[in-house]
Protein chains: 2
Amino acid sequence: MAPANAAVKIPVEMPVVEKRVRNRAATEQAILDAAKRLLAEEGFQNFGINAVARGAGCDKQLIYRYYGGLNGLVEAIGTDLGSWVTDRIPDDTGGMFLLTYGDLMERLSMLFLDALRADPLMRRIVAWEVSENSEQVRRLSEARSKALAGWIERMRGSLVPPKGVDAQAVNAMIFAAIQHIVLAAAVSDQCAGLVLKNGKDWEKAATALKRIVRGVYG
Amino acid sequence: MAPANAAVKIPVEMPVVEKRVRNRAATEQAILDAAKRLLAEEGFQNFGINAVARGAGCDKQLIYRYYGGLNGLVEAIGTDLGSWVTDRIPDDTGGMFLLTYGDLMERLSMLFLDALRADPLMRRIVAWEVSENSEQVRRLSEARSKALAGWIERMRGSLVPPKGVDAQAVNAMIFAAIQHIVLAAAVSDQCAGLVLKNGKDWEKAATALKRIVRGVYG
DNA sequence: CTTGTTATTCACCGCTCGGTGACAGATTGG
DNA sequence: CCAATCTGTCACCGAGCGGTGAATAACAAG
């Protein structure tokens with residue numbers, strides 16, 4: 001156990017606190033968790049080595065050792081992110097029969113809207129993506145869009161968009177709308193004059209979104 | 001001219017540079033210009049007192065004196081912003097006859113898309129809006145949305161949206177889509193898998209946007 | 001010329017940042 | 001037992017930040 005004669009060097013106070021166990025794996029996880037938590041809660045603005053180390057309760061040196069600095073840590077977050085879509089968004093049709101491409105896109109829009117609303121980390125990353133163009137952000141962005149594209153492809157099945165519609169461009173618009181409206185709401189509870197506070201407000205937004213989807217895809 | 005006996009105090013090098021004239025109004029303008037330029041070119045990340053002072057070529061103390069600090073300076077930018085819409089976006093119908101609400105919204109979408117694409121400062125501010133919720137940003141955001149709403153109201157004339165459509169919610173979606181797609185493109189030349197580099201790419205985006213508008217409003 | 005007033009600069013403060021080298025304690029292997 | 005290795009801590013660096021008090025240079029009025 002703890003040898004009592006270790007008191008030789010103790011300067012003034014007895015550290016009664018539980019000593020951190022020596023466990024690299026656990027520490028790595030703590031760092032990664034702290035990074036994700038910090039990014040989700042505080043945003044990318046004050047995201048730095050010192051803040052993460054503080055949040056993880058360890059020395060920043062360990063971040064350099066285990067992740068090779070902030071870049072490596074962000075990359076680890078990106079890797080984790082790959083499982084976001086599969087974790088947070090259902091992969092089946094929810095018991096519905098998606099008969100048309102319009103059915104599909106309506107459901108995808110709703111799922112994505114809800115998932116993004118529920119995930120602060122993802123929101124912060126999206127905000128980061130449109131605010132900066134660093135190497136870090138590119139990595140995150142790539143991981144995110146790759147996972148998302150895979151999810152859509154999986155859900156699409158054999159459904160094809162109607163002829164005469166540039167589905168890629170239209171869908172980009174729809175997803176852009178969702179992302180921006182969720183970001184704006186998360187910050188200021190409104191977007192372009194539309195209040196987005198309670199569930200009723202979001203119902204209206206969802207209805208409008210569905211109307212847009214149906215307007216294009218029928 | 002410059003008195004030669006002034007060399008008494010010169011430490012080592014002769015400042016050949018043109019001496020700044022004493023002119024408060026000009027200095028204030030230089031500060032404001034530097035702030036806008038800096039925000040537009042570098043973004044809100046490295047936007048601070050020191051950077052602005054450097055950019056304006058004066059001491060930061062003057063920013064405190066003339067604007068009461070960064071907050072006041074940002075507020076001044078916001079005031080300036082009020083004239084953005086009226087400056088950058090035409091107020092008439094461009095010679096077209098807007099017969100229906102759909103006509104109106106299609107034209108508004110195109111005008112707003114082009115205007116935002118052409119204005120880096122505005123883009124940075126929008127990105128700022130979805131990234132932070134400080135007092136500064138709120139002020140800017142308010143000024144922007146107010147000007148925008150006024151512009152729309154002016155253009156609307158007597159046209160009314162079709163019954164059975166929540167125009168406010170739908171329009172919020174449309175404007176959200178435009179803002180996000182322009183921001184994303186400005187940073188990474190793409191959005192949700194859709195490449196947005198040259199004019200042809202933007203043509204596709206514009207077409208998709210028009211299709212969405214027409215799908216809802218006919 | 002003197003005396004204020006105004007515009008502008010300078011020097012300095014405390015703080016946080018990212019980054020690094022050296023060290024201490026635990027664990028493992030011979 | 002000693003030596004090497006691994007985990008974790010600490011102290012320190014230079015740089016940049018926001019912010020402030022005091023000095024300085026130009027101009028105006030008397």
Side-chain angles (χ1 to χ4, degrees), chain A residues 1-15 17-32 34-35 38 42-74 134-136, chain B residues 1-3 5-15 17-32 34-35 38 42-74 132 134-136:
Chain A
M1 296 239 73
N5 52 1
V8 171
K9 282 203 59 179
I10 289 182
V12 57
E13 55 177 299
M14 190 61 163
V17 296
E18 190 98 12
K19 200 72 199 344
R20 283 179 59 79
V21 284
R22 276 167 63 96
N23 184 344
R24 170 161 181 169
T27 302
E28 284 185 6
Q29 192 59 47
I31 291 173
L32 186 58
L38 218 113
E42 310 287 331
F44 57 93
Q45 299 255 61
N46 297 339
F47 184 74
I49 285 277
N50 290 299
V52 172
R54 257 194 311 273
C58 71
D59 196 276
K60 56 182 167 181
Q61 178 75 19
L62 299 185
I63 299 176
Y64 288 104
R65 275 228 247 291
Y66 298 156
Y67 290 95
L70 249 200
N71 281 8
L73 184 52
V74 169
S134 61
E135 186 61 29
Q136 298 175 0
Chain B
M1 294 242 79
N5 52 0
V8 171
K9 280 202 62 178
I10 288 182
V12 56
E13 53 176 300
M14 190 62 166
V17 295
E18 191 99 12
K19 201 69 201 344
R20 284 178 57 79
V21 284
R22 274 167 64 96
N23 183 345
R24 170 160 181 171
T27 301
E28 283 186 7
Q29 192 59 49
I31 292 173
L32 186 57
L38 217 111
E42 310 287 330
F44 57 92
Q45 299 256 63
N46 297 338
F47 184 75
I49 284 278
N50 290 298
V52 172
R54 255 195 312 272
C58 70
D59 196 275
K60 56 183 167 181
Q61 179 74 19
L62 298 185
I63 300 176
Y64 288 105
R65 276 229 231 294
Y66 298 157
Y67 290 96
L70 249 199
N71 280 9
L73 184 51
V74 168
E132 205 178 352
S134 60
E135 186 61 30
Q136 297 176 359

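We name chains A, B, ... by the order of the sequence lines, and we start the count at 1 in each one. Here the structure is a predicted model, which means the values were calculated and not measured.
Here the closest non-hydrogen pair linking Val52(B) and Ala34(B) is O-CB, 4.0 Å. Counting all heavy atoms, side chain and backbone alike, Glu132(B) lies closest to Phe44(B) at OE1-CD1, 4.5 Å. Considering all non-hydrogen atoms of both residues, Phe47(B) and Leu38(B) come closest at CD1-CD2, 4.0 Å. Considering all non-hydrogen atoms of both residues, Tyr67(A) and Glu28(A) come closest at OH-O, 2.8 Å. The shortest non-hydrogen separation linking Asn71(B) to Gln136(B) is OD1-NE2, 2.7 Å. Minimum heavy-atom separation, Ile31(B) to Ala56(B): CA-CB, 3.8 Å.
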In B/S/- notation (B base, S sugar-phosphate only, - none; protein heavy atoms under 4.0 Å), nucleotides 15-21 of chain C written 5' to 3' is --SBBBB

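Contact check, Arg22(B) against dC27(D): no side-chain N or O comes under 4.0 Å of OP1 or OP2. Residue Thr27(B) has a polar side-chain atom (N or O) positioned under 4.0 Å from OP1 or OP2 of dT8(C).
Residue pairs meeting the side chain to side chain donor-acceptor pair (under 3.5 Å) criterion with at least one member in residues 49-59 of chain B, sequence neighbours excluded, are Asn50(B)-Lys60(B).
The SG atom of Cys58(A) lies 11.0 Å from the CZ atom of Arg65(A); values are rounded to the nearest 0.5 Å.
Nucleotide dG25(C) holds its P atom 17 Å from the CG atom of Leu62(A), rounded to whole Å. With rounding to whole Å, Gln29(B) atom CD is found 13 Å from dT8(C) atom P.
Looking at Arg24(A), its side chain has no donor and acceptor atom pair within 3.5 Å of the base of dG8(D).
When the C1' atoms of four end pairs are superposed on the next four at each end of the helix from dC1(C)-dG30(D) to dG30(C)-dC1(D), using five pairs per end, the two resulting axes differ in direction by 30°, to 10°.
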